[in-house]
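For clarity, every value in this text was computed on a predicted model and none was experimentally measured. Hydrogens, waters and symmetry mates play no part in the numbers below; they use all other heavy atoms, side chains included. Position 1 is the first residue of the sequence; numbering continues from there.
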Amino acid sequence: MRQTLLVLLLVAFLGIGVAHVFKPDWFVKRSGVRKGGEMLTEYNRTEFQMAGAIFAAFAVYMLYSLFRH
């Protein structure tokens, strides 16, 4: 039971991470990130994409570790 919940949680984290990579503007609009000029918006997009990639990679690694055993 616990393993199933953990898998569901990690799959949700993976989905959120992938969404950050492919649709960062949606998250930038709905977050508390301060918006300045065009340059700041582009940096915000890149930072959200990088954070999403790291988030998704961590979820994939944890799923791999879980199923490896």
Determine, using the 4.5 Å side-chain heavy-atom cutoff (strictly less than), whether Ile54 and Leu10 are members of one ILVMFWY cluster.
-> no
Treat each ILVMFWY residue as a node, draw an edge where side-chain heavy atoms are under 4.5 Å apart, and state whether Val11 and Tyr61 are in one component.
-> yes
Is there a chain of hydrophobic side chains (I, L, V, M, F, W, Y, each step under 4.5 Å between heavy atoms) that links Phe27 to Phe55?
-> no
Common cluster, Ile16/Tyr64, ILVMFWY with side-chain heavy-atom separation under 4.5 Å | no
Between Gln49 and Val21, which heavy-atom pair has the shortest distance, and what is it?
-> NE2-O, 3.1 Å
Gap between atom CG of Leu8 and atom CZ of Phe13 - 0.5 Å precision | 12.0 Å
Which atom names give the shortest non-hydrogen contact between Leu14 and Ala59, and what distance separates them?
-> N-CB, 3.8 Å
Verify the cluster assignment for Phe48 and Met50: are they in a single hydrophobic cluster under the rule of side-chain heavy atoms below 4.5 Å apart?
-> no
Rounded to the nearest 0.5 Å, how far apart are CG of Leu63 and CZ of Arg68?
-> 12.5 Å
